[in-house]
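Index from 1, following the sequence.
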Amino acid sequence: MAETIEFKATARPRAGKGAARQARRDGNVPAVIYGSGEPPETIAINGNDLWKQYIKGHFTSTVIKITVDSKEILVIPRDVQVDPVKDHPIHVDFLRIAKDGIIRVAVPVHFTNHALSPGLKRGGVLNIVRHEIEVFCPYDRIPAQFEINLDGFDIGRSIHISSVAMPEGVSPVIQDRDFTVATVAGAKKEDESASATEGAAAAGDAKAAAGGKAPAAGGKAAPAAGAKAAPAKK
């Protein structure tokens, strides 16, 4: 079961930039709760409590129980605005979890056994098309990640969503096609041509250096350019 964290919040009777700035001056982070067919609620959450959870990572895929005036609301973060200098949250949008408990969330993809891939051993490259996969799932069963085993994958092989194992109740958002998650690609032809050209040029330079002959022992060197030749003896 996915971990559910809890926040205590206070209602903000006023919306707008002025009220948001006042909340920040009080050490809180302004936020809004929306969705599930109910009116939006403006709230303020303790800044330190929010920061401690935010820096743990995977914040936008974490289920949160927010208590506002003794009312508990299950939400999931949908957008976090951060300060461009201090890099801490300054506003959060929370989405209410519907009664059926199904949410839409992006789950990261993790690849294992790179050393067991024949294609990667031969110099191929893992081309990751999707670092995350969007899925529908119950709010209390959000996968931490999807693991894809690269054992046996050769150059030219593709990994499609149909080969990704998903827990019960979890399904990809895209249903109309078997989309590609990653491929094992070979080296680019341009790189191979460049390497071949550089190798040929190096071989030519070595051959030219080996073909140059030194003057024979006791032989006379050719006159320098511009020098007059000695007159012939009569």
Side-chain angles (χ1 to χ4, degrees), residues 1-5 51-64 76-80 82 84 87-89 102-212:
M1 179 181 292
E3 179 187 5
T4 300
I5 63 176
W51 170 248
K52 290 176 183 177
Q53 294 297 332
Y54 178 75
I55 61 177
K56 290 181 179 180
H58 306 293
F59 184 69
T60 55
S61 60
T62 301
V63 176
I64 300 173
I76 187 167
R78 271 294 172 253
D79 184 59
V80 182
V82 298
D87 198 33
H88 60 71
I102 302 299
I103 61 173
R104 177 173 176 167
V105 65
V107 178
V109 179
H110 179 64
F111 296 89
T112 62
N113 291 328
H114 291 68
L116 299 180
S117 166
L120 297 181
K121 283 183 178 180
R122 291 167 48 204
V125 178
L126 179 63
N127 179 27
I128 302 176
V129 179
R130 294 177 183 267
H131 292 270
E132 294 180 329
I133 299 175
E134 278 199 312
V135 298
F136 292 118
C137 67
Y139 77 89
D140 56 351
R141 293 203 297 270
I142 302 175
Q145 62 185 17
F146 291 127
E147 286 197 0
I148 296 179
N149 187 357
L150 297 175
D151 185 3
F153 276 85
D154 208 340
I155 290 176
R157 286 282 304 277
S158 296
I159 303 164
H160 297 95
I161 187 61
S162 58
S163 62
V164 178
M166 293 194 175
E168 183 181 356
V170 180
S171 60
V173 171
I174 299 175
Q175 295 282 344
D176 58 348
R177 65 183 187 277
D178 191 16
F179 59 86
T180 302
V181 178
T183 61
V184 178
K188 293 182 178 179
K189 292 184 179 180
E190 294 81 357
D191 296 341
E192 294 176 353
S193 299
S195 300
T197 304
E198 291 174 0
D205 292 342
K207 184 176 180 180

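In terms of heavy-atom proximity, I64 sits nearest to P77 at CD1-CG, 3.6 Å. Among all heavy-atom pairs drawn from F153 and P118, the shortest one is O-CD, 3.2 Å. P108 approaches H58 most closely through the heavy-atom pair CG-CE1, 4.2 Å. Annotation for R130 and R177: closest pair NH2-NH2, 3.7 Å, computed over non-hydrogen atoms. Residues H114 and L120 approach most closely at O-CD1, 3.7 Å, considering heavy atoms. Looking at every heavy atom in both residues, I142 comes nearest to S61 through CD1-O, 3.5 Å.
Counting heavy atoms from C-beta on, the side chains of M166 and V135 come closer than 4.5 Å. A heavy-atom distance below 4.5 Å is found between the side chains of V173 and R104. Under the 4.5 Å side-chain criterion, counting only non-hydrogen atoms from C-beta, I76 is not in contact with Y139. Looking at I102 and C137, their side chains never come closer than 4.5 Å, going by heavy atoms from C-beta outward. Between V181 and F146, every side-chain heavy-atom pair lies at or beyond the 4.5 Å cut-off. A 4.5 Å side-chain heavy-atom check between I133 and F179 finds at least one atom pair inside the cut-off. For the pair V170 and F136, the minimum side-chain heavy-atom distance is 4.5 Å or more. Considering only heavy atoms from C-beta on, I148 stays 4.5 Å or farther from T112 through its side chain.
To the nearest 0.5 Å, atoms OG (S171) and CD (E134) are separated by 12.0 Å. To the nearest 0.5 Å, atom CH2 of residue W51 and atom CG of residue D87 are 6.0 Å apart. Expressed to the nearest 0.5 Å, how far CG of L116 lies from CG of L150 amounts to 9.0 Å. With rounding to the nearest 0.5 Å, the separation of CZ in F111 from CD1 in I128 is 4.5 Å.
Remark: the N113 side chain and the D151 side chain contain no N/O donor-acceptor pair separated by less than 3.5 Å.
Residues meeting the salt bridge (Lys or Arg N to Asp or Glu O under 4.0 Å) test with D154, sequence neighbours left out: R122.
Not a single donor-acceptor pair under 3.5 Å links the side chain of S117 to the backbone N or O of G152. Between the D178 side chain and the H160 main chain, no donor and acceptor come within less than 3.5 Å of each other.
Annotation: H88, atom NE2; neighbour count of heavy atoms from other residues, nucleotides and ligands within 6.0 Å is above 12. Enclosure of atom CD in Q175 by more than 12 non-hydrogen atoms of other residues, nucleotides or ligands within 6.0 angstrom is indicated.
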Would you check, one step at a time, whether the test side chain to side chain contact (heavy atoms under 4.5 Å, CB included) holds for V184 with N127? CA-CA 6 Å; V184 178; N127 179 27; over 6 Å; no
